[in-house]
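First the structure, in the form of structure tokens, and then the observations on it.
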Amino acid sequence: MSNAPQFGLNGPQSEAVLYLDGPALVLAGAGSGKTRVITQKITHMIEDRGYDPRTIAALTFTNKAALEMQERVGKMLKQPKQAKQLTVCTFHSLGVRILRQECNHLGLKDRFSIMDSDDCYSLVQDLAITTDKNVIRGIQNDISLWKNGLVTPEDALKQAQTEDEAQSARIYGSYIATLAAYQAVDFDDLIRLPVELFRNHDTVRDKWQRRLRYLMIDEYQDTNTCQYELVKLMVTGLGKKPMFTAVGDDDQAIYGWRGATMENLALLQVDFPDLKLIKLEQNYRSTSRILQAANAVIQNNPKLFEKTLWSELGIGEPIKVHSMPNEEQEAEQVAIMISADHFERKNKWADYAILYRGNHQARVIEQALRTQRIPYTISGGQSFFDKAEIKDIMAYLRLMANPDDDPAFIRAATTPRRGIGQSTLEALGSFSGKWQCSLFEAVFKGGIEAVLQERQLKPLQDFCNFILELESRATRPGPSGSGDNAAQVLDDLMEGMHYEHYLYDAFEERAAQSKWQNVLEFVNWLKERGRGGKDRDGEEKNVLELTQMVALMSMLEGKDEEPDAIRMSTLHASKGLEYPHVFLVGVEEGILPHKGDPDAPVETLGQRIEEERRLMYVGITRAQRTLQLTWCKKRKRGGEHVQCDVSRFIAEMALDVGDAPPKETEILSPRERLARMKELLSAPRDVNPA
DNA sequence: ATCCCTGCTTTTTTT
DNA sequence: AAGCAGGGAT
């Protein structure tokens with residue numbers, strides 16, 4: 001096979017695109033044109049090699065990445081319609097698709113519910129003895145890691161080192177049982193259950209292998225054991241030659257804390273001895289200085305694969321390090337530096353990004369940007385779907401789809417208040433436990449009058465009848481064949497639950513207004529999807545089908561065109577993105593190598609630091625042209641100010657002499673600041689987001 | 001059942 | 001400093 005560059009790609013890139021003789025691993029450094037390779041490869045397979053687009057699947061970790069990839073392939077194909085036949089989705093969406101079709105093999109009804117982590121939290125809360133929030137979250141975390149590691153409750157119990165772990169393991173067992181009783185799955189099950197299915201049912205596995213013959217896996221270093229197992233099950237066996245391309249970068253593995261193991265990269269070589277290894281080392285994003293710093297930092301990690309980024313974009317401007325007296329000053333100074341630079345260089349606001357380790361750091365920065373009247377957008381914060389008012393509505397929808405969904409039942413039945421209280425629910429709960437049925441069923445079960453008085457029973461029955469009525473409307477054969485118009489059912493739901501009234505009753509005028517606004521937006525968005533989406537591509541969906549879709553959409557992506565505003569983001573959320581000018585704040589010991597759990601075993605400390613270092617590496621490599629780092633000498637923590645040390649990663653960057661201006665950067669005096677303010681005020685104003 | 005006050009805690013990242 | 005859990009009062 002020729003290595004001659006094609007498609008306007010460099011040598012290794014086109015090699016990665018053209019190689020279709022077997023499994024391939026593309027080690028793609030930051031900014032090395034990874035997405036370009038994937039999209040080009042898909043195009044090449046369809047147009048030059050005659051692959052049926054329906055047999056190609058590309059798996060990503062975020063909906064955003066999937067959307068972008070599909071879009072880009074669509075633009076490259078001569079027949080853009082073919083892009084719609086591709087399977088481009090997240091691991092979790094693929095899991096849902098598989099479970100939907102094969103649920104009968106798993107003893108799951110097709111209207112299973114998908115529980116979000118809040119629901120799972122309350123589930124664990126009921127199973128655990130303590131009420132300690134941190135402990136419960138810890139148990140939840142343990143369970144998630146076990147699921148992602150394909151560890152059964154029995155194994156977990158055997159391996160338990162401490163009593164706490166044994167406790168978690170026992171809860172893990174009943175947790176799985178409870179979910180099964182609810183006919184519900186959690187996030188991790190979306191991968192785990194398909195794995196079980198494929199392991200136990202060769203015919204089903206064979207069917208999906210025939211359907212998806214070629215797999216592309218993005219961000220492979222972020223896969224966990226369970227996801228890798230799914231990949232293996234899909235590409236091997238039954239006389240099939242493994243055909244896939246995994247794309248990843250061990251230096252950007254930053255999701256170890258949720259079970260991802262970058263050892264999967266090395267395992268790939270073991271499991272597929274004829275694995276073709278291709279390295280992409282030319283960077284098309286950043287200046288040499290930035291890459292030099294990135295390389296220098298990451299060199300301190302033991303390497304799985306040797307890799308050095310380089311670019312032809314010139315040496316670039318020096319990287320600057322500023323020390324600040326405290327976090328308020330830091331935020332203010334960054335805001336001032338950005339606005340000064342913005343006017344000097346006549347840049348767009350959107351050319352700047354402020355990156356930080358933890359979400360809480362965003363607060364001070366937001367304040368500073370607001371007082372400076374600089375527009376900004378925050379990514380990685382609370383998502384639209386996590387808002388309480390949206391979850392309330394969702395609880396009703398989920399209950400319509402699956403009356404056995406007890407968490408949804410509890411939430412919907414008690415919001416808005418309708419005379420169903422704790423004691424009522426407890427009686428109902430123990431009754432349902434005794435008869436092994438869901439809360440919903442229990443309401444109509446004979447003998448319930450014995451444990452609940454008429455006064456308590458009546459509101460429950462009214463509530464259930466309300467849900468049943470809507471449910472029958474949603475599934476009744478309608479004009480489209482799949483039930484009443486989703487919009488109509490939604491309208492009736494909104495009216496019947498009196499949610500608006502409840503909001504104004506329970507909250508301040510202003511809060512209620514904004515919450516109701518969110519609800520309306522959400523409902524309209526649902527109606528839109530029910531009609532088959534904006535581009536009238538997808539099929540018309542009824543309300544029940546919509547709810548399963550929503551469960552996965554944790555982030556409302558690509559709403560409007562991006563406004564001209566500074567981007568604020570956590571380092572994690574910034575992966576995959578790039579900005580001309582990057583400010584990385586809070587580069588301190590304890591924050592950027594984040595101080596982990598003090599109780600964590602010492603031997604894992606090194607690994608933690610390595611992951612933090614990769615996080616630093618990700619941050620540096622987001623920058624295209626300039627990079628500035630700030631750290632605080634003092635920071636408010638808890639009650640008092642605490643001394644901070646500059647991050648060890650700064651020293652590791654080995655900045656050229658002269659690159660790092662002597663630590664003390666001038667702090668603008670109030671008078672100078674006033675001058676800058678005046679300058680700002682005379683400039684055209686931008687309106688801040690609400 | 002809900003509201004308000006007091007007192008105590010406080011690891012971050014997210015499909 | 002702030003958010004949250006728990007307890008006491010209405």
Side-chain angles (χ1 to χ4, degrees), chain A residues 59-66 89-96 114-118 120 125 130-138 140-141 144-145 147-148 185-192 218-219 222-224 226-227 252-260 327-328 355-364 367 379-383 385-386 414 416-426 455-456 459 505-506 551-555 557 569-575 586 590-600 608 611-612 614-616 618-619 635-642:
Chain A
L59 298 181
T60 64
F61 279 88
T62 65
N63 289 309
K64 197 175 153 210
C89 64
T90 61
F91 269 94
H92 293 85
S93 318
L94 178 66
V96 173
I114 302 168
M115 308 234 294
D116 66 26
S117 62
D118 275 7
C120 299
Q125 199 172 32
T130 56
T131 56
D132 186 320
K133 206 178 148 190
N134 276 327
V135 174
I136 293 172
R137 274 180 52 174
Q140 214 185 344
N141 198 34
S144 179
L145 288 175
K147 284 193 171 187
N148 289 330
V185 301
D186 65 15
F187 247 175
D188 304 315
D189 283 340
L190 296 176
I191 323 285
R192 188 184 65 100
D218 192 19
E219 305 282 11
D222 290 338
T223 54
N224 57 43
C226 189
Q227 286 159 338
Q252 293 185 72
I254 54 175
Y255 286 104
W257 50 272
R258 70 176 194 210
E327 66 232 274
E328 282 93 4
L355 306 181
Y356 37 84
R357 173 66 231 260
N359 274 316
H360 68 279
Q361 295 173 267
R363 299 222 164 188
V364 209
Q367 259 171 9
S379 72
Q382 197 202 25
S383 113
F385 293 103
D386 287 339
T414 56
R417 302 256 162 235
R418 49 164 64 82
I420 300 174
Q422 195 59 44
S423 58
T424 308
L425 283 175
E426 268 168 30
R455 237 184 63 232
Q456 296 177 291
D505 212 39
L552 276 183
M553 297 266 176
S554 35
M555 274 198 253
E557 66 295 289
S569 169
T570 62
L571 286 167
H572 283 89
S574 76
K575 189 159 73 132
I591 298 207
L592 195 30
H594 193 275
K595 64 164 163 34
D597 183 358
D599 303 334
R608 291 198 40 85
E611 181 146 318
E612 296 293 313
R614 291 191 290 271
L615 211 41
M616 179 77 183
V618 166
R635 188 173 284 271
K636 259 204 298 272
R637 218 191 100 220
E640 281 318 293
H641 292 273
V642 171

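Quick note on labels: first sequence line is chain A, next is B, and so on, each numbered from 1.
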Which whole-number value in Å describes the distance from [X] [atom1] to [N] [atom2]?
{"X": "A/Met616", "N": "B/dT13", "atom1": "CE", "atom2": "C1'", "result": "17 Å"}
{"X": "A/Arg635", "N": "C/dA1", "atom1": "CZ", "atom2": "P", "result": "17 Å"}
{"X": "A/Ile591", "N": "B/dT12", "atom1": "CD1", "atom2": "P", "result": "10 Å"}
{"X": "A/Ile254", "N": "B/dT14", "atom1": "CD1", "atom2": "P", "result": "9 Å"}
{"X": "A/Asp116", "N": "B/dT14", "atom1": "CG", "atom2": "P", "result": "16 Å"}
{"X": "A/Phe91", "N": "B/dT14", "atom1": "CZ", "atom2": "C1'", "result": "16 Å"}
{"X": "A/His594", "N": "B/dT12", "atom1": "NE2", "atom2": "C1'", "result": "5 Å"}

**Item:** Euclidean distance for C1', C/dA5 against B/dT12 (whole angstrom)
**Value:**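 Straight-line distance between the two C1' atoms is 23 Å.
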**Asked** Say you pick atom P in B/dT13 and the same atom in C/dC4; how far apart are they, in whole Å?
**Response**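 Rounded to whole Å, the distance is 15 Å.
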**Message:** What I want to check is whether an N or O donor and acceptor connect the side chain of A/Arg357 with the base of B/dT13 at under 3.5 Å.
**Reply:**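 Check passes, donor-acceptor contact within cut-off.
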**Whichever of A/Tyr255 and A/Asn141 has its nearest DNA chain B nucleotide further upstream toward 5'** =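 Its nearest nucleotide being more 5', the pick is A/Asn141.
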**Message:** Looking at A/Glu611 and A/Arg614, is there a salt bridge between them, counting it only when a charged N and a carboxylate O are closer than 4.0 Å?
**Reply:**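 So A/Arg614 pairs with A/Glu611 through a salt bridge.
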**Message:** Taking any heavy-atom pair under 4.0 Å as a contact, classify A/Asn134: base, sugar-phosphate, or nothing.
**Reply:**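 If one applies the 4.0 Å heavy-atom cut-off, A/Asn134 turns out to touch the sugar-phosphate alone, with no base involved.
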**Request:** Report the residue from A/Phe61, A/Tyr356, A/Trp257 that forms a ring-ring contact (aromatic ring centres under 6.0 Å, His included) with A/His572.
**Result:**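 The option that passes is A/Trp257.
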**Request:** Please state whether the phosphate of B/dT14, meaning OP1 or OP2, lies under 4.0 angstrom from any side-chain nitrogen or oxygen of A/Asn359.
**Result:**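 Answer is yes, contact under 4.0 Å.
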**Prompt:** With respect to the phosphate group of B/dT14, does any side-chain polar atom (N or O) of A/Ser117 fall under 4.0 Å of OP1 or OP2?
**Reply:**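 No, no such contact exists.
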**Request:** Answer whether the closest heavy-atom distance between the side chains of A/Val618 and A/Leu355 falls below 4.5 Å.
**Result:**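 The answer is no, as the side chains (C-beta and beyond) never meet within the 4.5 Å cut-off.
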**Item:** Reference residue A/Cys89; test side-chain contact (heavy atoms from CB on, under 4.5 Å); the match among A/Leu94, A/Asn63, A/Val96, A/Thr60
**Value:**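 One option only clears the test, and that one is A/Leu94.
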